[in-house]
Amino acid sequence: MLITVSAGAEKTKRTILEKAADRGFMTQTMANGRGGDVIAVGGALSPDATALPGVENVLLAHKPYMLASLEARGTSTVRVGDVTIGGGAPMIMAGPCSVEGREAQIDVARQVKAAGATMLRGGAFKPRTSPYSFQGLGELGLQHLAEARELTGLPVVTEVMEPDQVELVAHYADMLQIGSRNMANFPLLKRVGMAGKPVLLKRGFSSTLEEFLMSAEYIMAHGNPDVVLCERGIRTSDPAFRFNLDLNIVPGIKAVSHLPVVVDPSHGTGRRELVLPMSLAGIAAGADGLAIEVHPDPDNALSDGFQTITPAELRRIHTRMMAVHQALADTEDDLAGITGIHIREEPVAITA
Ligand code: PEP
Ligand code: MN
């Protein structure tokens with residue numbers, strides 16, 4: 001059940017948490033963005049436990065992803081260093097698929113920053129299909145990322161693949177990336193839930209919207225509300241594309257969740273010439289940002305060069321992304337009342 005408690009109702013919060021613990025229910029408390037809190041309880045408490053002063057709302061019927069749902073709170077934003085993801089202008093995180101070396105990472109960081117990116121990416125621990133492919137530089141790669149951040153000011157997002165790596169990666173990174181292949185690695189999700197760093201959660205390439213949001217819920221239920229969802233393409237039967245970017249899911253998520261969403265048109269297409277059009281389509285669909293693979297010499301990148309663009313192409317995408325965002329903002333008033341689309345189901349409110 002989901003219980004909304006007003007600001008200052010500390011005693012009521014404590015009572016609810018105690019009663020839930022007595023019943024053996026897991027709980028997690030999250031700010032609701034209006035000064036109060038929402039408490040997710042992994043079971044139904046009896047009315048005497050919820051009819052308390054300061055309880056604003058009690059939901060017995062709700063989505064299974066309680067904290068990630070729009071029923072819990074309005075639009076959320078995630079801060080990574082000085083960068084805000086969600087709720088405003090779209091942003092870009094960019095960099096090579098893999099960290100390739102110190103000078104290379106510093107050079108590409110400077111170039112993506114000049115092209116308009118506000119966050120730096122690069123894999124130090126790489127999930128490769130072949131055990132014979134480059135597996136990443138490991139901790140050395142994390143050190144190069146951290147040095148590139150010191151020199152450019154760009155916060156760093158990088159992948160963590162194993163629960164026992166979380167502390168090490170969190171030491172160097174500003175945001176922890178959960179890769180597509182690990183979206184349902186629940187021990188890993190629990191650990192990043194406790195790591196105190198924002199998380200970029202990439203969608204499993206065969207996962208449903210609900211499974212995706214349940215993975216976000218794992219992280220949030222373990223104390224970390226700072227989750228950004230990333231659509232990175234799903235598997236289809238068409239061999240023309242490595243993956244198919246599923247843009248349905250962007251408005252699909254916005255209809256049921258408050259979490260920010262970014263789109264990865266690099267993995268989502270597997271073809272560098274598709275990155276620009278699908279970036280713009282993602283922004284038009286309502287994404288809060290883009291995650292793009294960039295390398296000064298894509299043909300010689302150590303991994304994923306075929307889907308990697310140059311810094312010059314990134315600059316073009318940034319300019320057009322801002323134009324699309326502005327055009328949509330300019331037409332918002334004109335469109336109000338015309339679309340008439342209302343896909344959000346109203347939650348069943350059972351007032352205490
Ligand atoms: C990546 O972004 O570096 C990556 C490996 O992507 P995915 O997990 O989406 O395949
Ligand atoms: Mn890649």
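Each ligand, and each atom within it, is numbered from 1 in the order the structure gives.
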Visitor: Could you find the nearest protein heavy atom to atom 5 (C) of ligand 1 and give me its residue, atom name and distance?
Guide: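 So the nearest neighbour among protein heavy atoms is E159 OE1, 3.7 Å.
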Visitor: Among all the protein's non-hydrogen atoms, which is closest to atom 3 (O) of ligand 1, and how far away is it?
Guide: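 Protein heavy atom with the smallest distance to atom 3 (O) of ligand 1: R121 NH2, 2.8 Å.
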Visitor: With a cut-off of 4.0 Å, which atoms of ligand 1 are near a heavy atom of S180?
Guide: 7 (P), 8 (O), 9 (O)
Visitor: Tell me whether K197 is salt-bridged to D174, with the criterion being a basic N under 4.0 Å from an acidic carboxylate O.
Guide: no
Visitor: Count the heavy atoms belonging to other residues, nucleotides or ligands that lie under 6.0 Å from CD of E167, then report whether that count exceeds 12.
Guide: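 Open.
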Visitor: Which of the numbered atoms in ligand 1 are below 4.0 angstrom from a heavy atom of G179?
Guide: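 So the answer, numbered in order with elements, is 8 (O).
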Visitor: With atoms numbered from 1 as shown, which atoms in ligand 1 lie under 4.0 angstrom from a non-hydrogen atom of R232?
Guide: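 Per the distance check, 7 (P), 9 (O), 10 (O).
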Visitor: Starting from atom 6 (O) of ligand 1, which protein heavy atom do you reach first, and at what distance in Å?
Guide: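 Protein heavy atom at minimum distance: K202 NZ, 3.0 Å.
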Visitor: Kindly write out the residues that satisfy salt bridge (charged side-chain N to carboxylate O under 4.0 Å, His left out) with R203, not counting sequence neighbours, or none if the list is empty.
Guide: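 Here the qualifying residues are E231, D246.
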Visitor: Has ligand 1 got any nitrogen or oxygen that is less than 3.5 angstrom from a nitrogen or oxygen of Q177?
Guide: yes
Visitor: Taking atom types as modelled, find out whether Q105 and E100 have a side-chain donor-acceptor pair closer than 3.5 angstrom.
Guide: no
Visitor: Would you call D264-K202 a salt bridge at under 4.0 Å N-O?
Guide: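 Yes, charged N to carboxylate O under 4.0 Å.
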Visitor: With a cut-off of 2.8 Å, how many protein N, O or S atoms neighbour the Mn ion (ligand 2)?
Guide: 4
Visitor: Quick one: does D264 get an N or O within less than 3.5 Å of an N or O on ligand 1?
Guide: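 For ligand 1, there is no N or O atom that lies under 3.5 Å from one belonging to D264.
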Visitor: Flag this pair as yes if the NZ/CZ of R232 is under 6.0 angstrom from the six-membered ring centre of F205 and inside a 45 degree cone about the axis; otherwise no.
Guide: no
Visitor: Atom 4 (C) of ligand 1: which protein heavy atom is closest, and how many Å away?
Guide: H267 NE2, 3.5 Å
Visitor: Are a donor atom and an acceptor atom from the side chains of R110 and T152 found within less than 3.5 Å of each other?
Guide: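 Short answer, no.
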Visitor: With D48, which residues qualify under side-chain contact (heavy atoms from CB on, under 4.5 Å), at least two apart?
Guide: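 Partners of D48 by the side-chain contact (heavy atoms from CB on, under 4.5 Å) criterion, ordered by chain and then number, come out as K19, S46.
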Visitor: Are the charged groups of K126 and E159 less than 4.0 angstrom apart, N to O?
Guide: no
Visitor: With sequence neighbours left out, write down each residue that passes salt bridge (charged side-chain N to carboxylate O under 4.0 Å, His left out) with R272, or none if nothing qualifies.
Guide: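 For R272 the salt bridge (charged side-chain N to carboxylate O under 4.0 Å, His left out) partners, ignoring immediate neighbours, are D299.
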Visitor: Should K126 be listed as contacting ligand 1, given a heavy-atom distance under 4.0 Å as the test?
Guide: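 Right, K126 reaches ligand 1.
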